[in-house]
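These notes concern the structure reproduced below.
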Amino acid sequence: MSENLYTLIRSSIADPAKIFIETGDGRTFSYADTFALAERFAGLLVGLGVQPGDRVAVQVDKSAEALIFYLGVVAAGGVYLPLNVGYTLTELEYFIGDAEPRVVVCRPNAEKDLGPLATRLGVAHVLTLGGNGDGSLMEKAKSVPAGFAAVPRAADDLAAILYTSGTTGRSKGAMLTHHNLYSNAATLKDYWRFTRDDVLLHALPIFHTHGLFVASNVTLLAGASMIFLSKFDGDEVMKLLPRATSMMGVPTFYVRLLQSPALTKESVKHIRLFVSGSAPLLADTHKEWEARTGHRILERYGMTETNMNTSNPYDAERVAGTVGFPLPGVSVRITDPETGKPLAQGEIGMIEVKGPNVFKGYWRMPEKTAAEFRADGFFITGDLGKIDDRGYVHIVGRGKDLIITGGYNVYPKEVETEIDAMPGVIESAVIGVDHPDFGEGVTAVVVASKGHALDEAGVLKALDGRLAKFKLPKRVFFVDDLPRNTMGKVQKNLLRDQYKTLYKK
Ligand code: AMP
């Protein structure tokens, strides 16, 4: 039997007349419309020479058509390769050169520059897609008959390549199989109790695992509906929330919505589930959200390479500051980052995962792939964490963010938690900066609320006695905002860069 993700999704839909997508401007796509258009796209791609396993790269604005194109690529047996809309031409040169797609789809106004680049790199076809469904892709698809029979694919064949954000060295293409995507979506649908009665408010980008796979595949497998917004806009989300039953967001969504006076218990009466992930949700945000809305946000943990690994429970207690339990079928263990030996329960170490969700490897990087898997198949996530006595997984930061000062390990999260608890602090980021005596100097960057008279000496005084001396920041800086990427992650690499000469003699 074909394990093509598209075939599995299509065969699970009992009611093709049901609305799958409603866009922010009120356009609707039923499941029947969605499949008809996806199959036109697939027919077009195969007509353009796309063979099973060929990459189809896409850098377009978010739209219903763009999401349906993803289904079309998968139906055609191609490998979908979404690219962040923020990438520049120089960055695209690397991605296209590395992935060698047969087809590239870009925004209509990008064709002028991207077209020649793609042709030079050997791309056979460049098509365009605009945010309103305009462009040559739709034009060409119109003349292709619907009813394309999806290309049979095995569970282990590739469905997508997503490049990692590449904060350390070159960005790597994570190869995701049909079964990686299908199994994870099926697990999440059940774990989070999605049914055809759900309406998901979708305001995430669709070039990233969160908006593309978690949100969209779960909705598809449940046969549910989405209100599909081209971007996150707090006012628009507040306006539409009463019509939704669920929302998936990055922590920034929740922080911003808390600033809206319109956020009340009444405004989220119909919601059954708020999910957060892609970056740590501050325990304070979790608590404030509960106080304002009566809902406990369900936090989960995953990454491009692994899809979702852990989730707080649906029925049992959702614990602020944790990412919950390993999902069914997923094994999580904590190991010594140096030796790879499993650590005792409660100790902090490297989070390793294994399961049907874990990717096949990095595109054309066999050594990198080999270096990040243990001999028994566990993937070394690069995240540091621990499992508490109730089995909840806690993330304490990325391995590369670990600070080693005077030979001692400092987990930034521990220092950040202390600083964040001070009155007047909104949030903080603690980084290691090159230091002539200590190797790295612990350095804190703090966002304080307006009108608070916090200063460096005050923060240091408050920390004194609460943390071991070696963990105390050598310097504390105040900023208006921490630098974040589109998924809400604090970009510590930018901060490290900004302060890199701080302790130079
Ligand atoms: P990405 O591949 O862009 O999805 O980034 C994955 C990384 O985001 C993980 O390796 C974690 O470092 C981080 N991450 C994802 N979800 C969470 C979470 N709930 N809490 C803390 N960090 C998270």
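Order of listing sets the numbers, starting from 1, for every ligand and every atom in it.
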Next on the checklist: Whether R272 engages the ring of F274 as a cation-pi pair (distance to the six-membered ring centre under 6.0 angstrom, angle to the ring normal within 45°) should be assessed.
Outcome noted: no

Next on the checklist: So that I can tick it off, tell me whether E427 and R484 are bridged by a salt bridge, with the cut-off set at under 4.0 angstrom between side-chain N and carboxylate O.
Outcome noted: yes

Next on the checklist: I'd like the contact residues of ligand 1, where contact means a heavy atom below 4.0 Å.
Outcome noted: H208, T209, S278, A279, P280, E299, R300, Y301, G302, M303, T304, V323, D383, I395, R398, K489

Item to check | NZ or CZ of K474 within 45° of F438 ring axis and under 6.0 Å | outcome: yes

Checklist entry - Do D156 and T177 have side-chain N/O donor and acceptor atoms under 3.5 Å apart? => result no

Next on the checklist: Checking the side chain of K492 only, and the main-chain atoms of D401 only, is there a donor and an acceptor separated by less than 3.5 Å?
Outcome noted: no

Checklist entry - What orientation do Y80 and Y70 show, parallel under 30°, tilted 30 to 60°, or perpendicular over 60°? => result tilted

